[in-house]
2 protein chains.
Amino acid sequence: MLPGYALRCRMNVLPPCLNSIKSEAPAAVRCEACPAPWMHCSVRKFQKGQYPFSQGDAQGYVYRVQSGGLTLFLSLANGRRQVVDFAFPGDLVGLGSHRQFQFTAQAITRTELRCIPRDELRLQSLKDARIASMLYETAAFQLEEAYDHILTAGQRGSEGKLAAFLLAMSRRNVHHGDDPAVVHLPMLRTDIADYLGLTAETVSRTFTNFKAQGLIKIVDQRHVRLIEPRSLVRLANAIAASG
Amino acid sequence: MLPGYALRCRMNVLPPCLNSIKSEAPAAVRCEACPAPWMHCSVRKFQKGQYPFSQGDAQGYVYRVQSGGLTLFLSLANGRRQVVDFAFPGDLVGLGSHRQFQFTAQAITRTELRCIPRDELRLQSLKDARIASMLYETAAFQLEEAYDHILTAGQRGSEGKLAAFLLAMSRRNVHHGDDPAVVHLPMLRTDIADYLGLTAETVSRTFTNFKAQGLIKIVDQRHVRLIEPRSLVRLANAIAASG
DNA sequence: CGGGCCGATTGATCTGGATCAAGACGGACG
DNA sequence: CGTCCGTCTTGATCCAGATCAATCGGCCCG
């Protein structure tokens, strides 16, 4: 119950003023469809492995992932990490009413972040019910995902965890154009492990296991084709079951 | 990512109209301090073990726990349960924009629930930014707790999990009057186990273990005195550490 | 083309917690 | 006061996954 983990929200529940923000747009954009004020935005670029922000940093902006991706994690006293989420293009990171980031973000690959002034957004949300409702819906959406994550993390069984993870990633991830059955996994095996509460070795073994069972096909280290999604669903739901 | 887990929120971030709802108040209360409309509320009573609502039930009300407590859990295909949260007096259960409950509630003891019409609350939130902001704050608060739970569930080590749980309960639980170091644990060991992703046996053994280490004192089966909260914090933070 | 590096995979062993099994406690009720 | 039943605790065994260790593989860079 540390105060104020920052929120991440999805683009598709944002007002047009934020949806319309493009890399090519001028730094200050005006939204005609909603009463949000001018948003003065800049874009920052990060190399793979860099930390856009860390636990405890003052939180002046809400970030929108333009390209690349982020791993969001909590550091523990003994050096362990708990990955709480990943963020991909279109996702917003840093909503919430607190002054400091409660987790650290690390760039998975070269990543561009658009910086949205946090105070302006918050100010407007207090004035306009539509914006506040949007934020509420967004937080509720996040909460659903978090419960799903709790379910996954609490599940015994590496197979159930990894199956749930693959299915979740296939739902939210942008598939690489042509084939919707191919899931893109840009993050490290270590990150997947810390997300699921496993070790990298177990993640690797379970991938191999799935491959041997014919459930997936490993295109390359960053792409997996789901051959038997039905079976994966069964594994994800009937966790650590006998059958 | 099943749509719409219901939300539970804390009393202290609710508008006065909801805060002022008491068991003794008339069923319909008028809030003068905020524009929320008349709320026609009834009170329902449940015996220990009963299910106020189940996964998939139509969600007509937001419930406020008046007395007693609830275990909120997801049922899995193989009969396992994942407890996602507990609700105690003052907590609200069932916020969110979806039409069905996504989890089941079970009364821990004899429990009274005040039923707040969900549609009215939602309608008002769309009109009034203050209410919507309140809902947002509430959801954000819930999300913090959920991240905390993810952290706990993802932690290796029964000691770290149980220590984190005891500390969390001591923070949110109403202490029994006199002694703030005594934590009330009204739920079954099984519920604690399903909350933490352990078995009831392991929970029991870990309690015994803590007792033997002098970290806690077991007053009775439902009350635990924290003797060395510092050590518990260390266990909760430096999870599964060597020391 | 060849070396160095980091991450992924695979192998071998160990252990914490699950599981199976039995007993102890305690409240409800006659 | 004693029986019953559900819960909690304790004990013994087993196994999934952690850990330790080695190899493999791709990628960058010279």
Side-chain angles (χ1 to χ4, degrees), chain A residues 47-49 71 78-82 106 108-110 152-163 165 185-212 216-224 235 239-243, chain B residues 47-50 71 76 78-82 106-110 152-163 165 185-212 216 218-224 235 239-243:
Chain A
Q47 297 304 314
K48 173 181 174 177
T71 300
N78 59 350
R80 282 187 195 280
R81 306 185 317 155
Q82 174 67 45
Q106 185 172 30
I108 295 173
T109 57
R110 182 182 303 251
T152 302
Q155 293 166 11
R156 278 65 74 161
S158 54
E159 294 197 346
K161 287 181 178 182
L162 191 61
F165 175 72
L185 305 172
M187 70 292 288
L188 300 181
R189 294 288 188 264
T190 305
D191 293 327
I192 299 175
D194 287 344
Y195 182 84
L196 296 174
L198 297 171
T199 60
E201 291 94 327
T202 298
V203 169
S204 183
R205 272 184 252 273
T206 308
F207 268 119
T208 305
N209 193 0
F210 282 176
K211 189 176 64 175
I216 61 171
K217 193 171 184 215
I218 295 175
V219 180
D220 60 49
Q221 278 191 352
R222 300 283 175 248
H223 295 87
V224 170
L235 280 173
I239 300 116
S242 50
Chain B
Q47 299 303 315
K48 174 181 173 179
Q50 281 191 309
T71 300
L76 301 175
N78 58 349
R80 281 187 194 281
R81 306 185 317 154
Q82 174 66 46
Q106 184 171 30
I108 295 172
T109 59
R110 183 182 304 252
T152 302
Q155 293 166 11
R156 277 67 69 159
S158 54
E159 295 198 346
K161 286 182 178 183
L162 191 62
F165 175 73
L185 304 173
M187 70 293 287
L188 301 180
R189 295 286 188 268
T190 305
D191 293 328
I192 299 175
D194 287 344
Y195 182 83
L196 296 174
L198 297 171
T199 60
E201 292 94 326
T202 298
V203 169
S204 182
R205 272 184 252 271
T206 309
F207 269 118
T208 306
N209 192 0
F210 282 176
K211 189 177 64 178
I216 62 171
I218 295 176
V219 180
D220 62 46
Q221 279 190 354
R222 300 283 175 246
H223 296 87
V224 170
L235 279 174
I239 298 119
S242 50

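Worth knowing before you read on, the calculation uses all heavy atoms, side chains too, and leaves out hydrogens, waters and symmetry mates. Throughout, a chain's letter reflects where its sequence line sits, starting with A, and its residues are numbered from 1.
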With distance as the sole test, does A/S204 use its side chain to make a donor-acceptor pair with the main-chain N or O of A/A200 at under 3.5 Å?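 Not confirmed, A/S204 side chain does not pair with A/A200 backbone.
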
Nearest-Å distance, [atom1] ([X]) to [atom2] ([N])?
{"X": "A/D220", "N": "C/dG7", "atom1": "CG", "atom2": "P", "value": "17 Å"}
{"X": "A/K48", "N": "D/dC28", "atom1": "NZ", "atom2": "C1'", "value": "11 Å"}
{"X": "A/R156", "N": "C/dG17", "atom1": "CZ", "atom2": "P", "value": "13 Å"}
{"X": "B/I218", "N": "D/dT7", "atom1": "CD1", "atom2": "P", "value": "18 Å"}
{"X": "B/F207", "N": "D/dT10", "atom1": "CZ", "atom2": "P", "value": "12 Å"}

Between the protein and nucleotides 23-30 of chain C, which nitrogen or oxygen pairs are less than 3.5 angstrom apart?
none

Looking at [atom1] of [X] and [atom2] of [Y], how far apart are the two atoms once the value is rounded to the nearest 0.5 Å?
{"X": "B/L162", "Y": "B/Q155", "atom1": "CG", "atom2": "CD", "result": "11.0 Å"}
{"X": "A/L185", "Y": "A/F207", "atom1": "CG", "atom2": "CZ", "result": "5.5 Å"}
{"X": "B/T208", "Y": "B/K211", "atom1": "OG1", "atom2": "NZ", "result": "5.5 Å"}

Minimum-distance nucleotide to B/R205 side chain [options: D/dA12, C/dG11, C/dG17]: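 That would be D/dA12.
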
Taking the minimum atom-to-atom distance to the side chain of A/E201, which one of D/dG11, C/dT10, D/dC8 wins?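 Between D/dG11, C/dT10, D/dC8, the one nearest the side chain of A/E201 would be C/dT10.
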
Looking at five pairs on each end of the helix from C/dC1-D/dG30 to C/dG30-D/dC1, what is the angle between the two axes, given to 10 degrees?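 Roughly 40° between the end axes, to the nearest 10°.
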
Taking CZ in B/R222 as the centre, count heavy atoms belonging to other residues, nucleotides or ligands within less than 6.0 Å. Is the count above 12?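 Atom CZ in B/R222 is packed in, count exceeds 12.
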
Close approaches to DNA chain D from residues 186-200 of chain B, in residue order (heavy atom, under 4.0 Å):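 B/L188, B/R189, in order of number.
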
Is [X] near enough to [N] that one of its side-chain N or O atoms lies under 4.0 angstrom from OP1 or OP2?
{"X": "A/S204", "N": "C/dA8", "answer": "no"}
{"X": "B/T208", "N": "D/dT9", "answer": "no"}
{"X": "B/R222", "N": "D/dC8", "answer": "yes"}

Less than 4.0 angstrom from a charged side-chain N to a carboxylate O is my criterion; do B/R80 and B/D194 meet it?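 Salt bridge flag = no for B/D194 with B/R80.
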
